[in-house]
Amino acid sequence: METKPPPILNPSSEKKITEDAQMVADLVTGLNMRKKDNKIQGFSVLAGCLLGALVGLIWGYVEYRIVDANLIGPLLVGFLGGALISLLISGAILGVYRTFKH
């Protein structure tokens with residue numbers, strides 16, 4: 001029995017395959033491989049972390065009158081909370097944007 005070698009893909013058909021795979025990832029599930037989307041989400045999460053840390057510092061000082069080294073707890077809570085919230089919001093916005101773009 002003779003086996004056929006796999007077809008050789010030219011670069012244009014290879015690009016089409018990755019575009020199709022990315023469309024499925026956008027609309028159904030999967031990893032997003034778009035550098036632009038990943039940069040947008042990365043900067044959004046970084047901004048959310050910084051904003052959350054600032055809110056945590058202010059909250060720790062105003063609510064509990066914490067100063068100096070004791071502010072590390074509210075700072076970390078705000079940082080992690082900002083990271084989580086900004087990750088969810090930026091992911092949802094990118095998901096909605098990509099759904100309507102297709």
Shortest non-hydrogen separation from V45 to S90 and the atoms involved:
CG2-OG, 4.4 Å
Considering non-hydrogen atoms only, spot the tightest contact between G60 and L71 and give its length.
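Result for this residue pair: C-CD2, 4.1 Å.
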Separation between [atom1] of [X] and [atom2] of [Y], rounded to the nearest 0.5 Å:
X: I89; Y: L84; atom1: CD1; atom2: CG; value: 9.5 Å
X: L57; Y: I72; atom1: CG; atom2: CD1; value: 8.5 Å
X: L54; Y: L50; atom1: CG; atom2: CG; value: 9.0 Å
X: I93; Y: L88; atom1: CD1; atom2: CG; value: 11.0 Å
X: S44; Y: L51; atom1: OG; atom2: CG; value: 12.0 Å

With a 4.5 Å cut-off on side-chain heavy-atom distances among I, L, V, M, F, W and Y, is there a chain of contacts connecting V55 to I58?
no
Would a single hydrophobic cluster contain both W59 and L75, if residues Ile, Leu, Val, Met, Phe, Trp and Tyr are joined by side-chain heavy-atom contacts under 4.5 Å?
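Same cluster: L75 reaches W59 through Ile, Leu, Val, Met, Phe, Trp or Tyr contacts under 4.5 Å.
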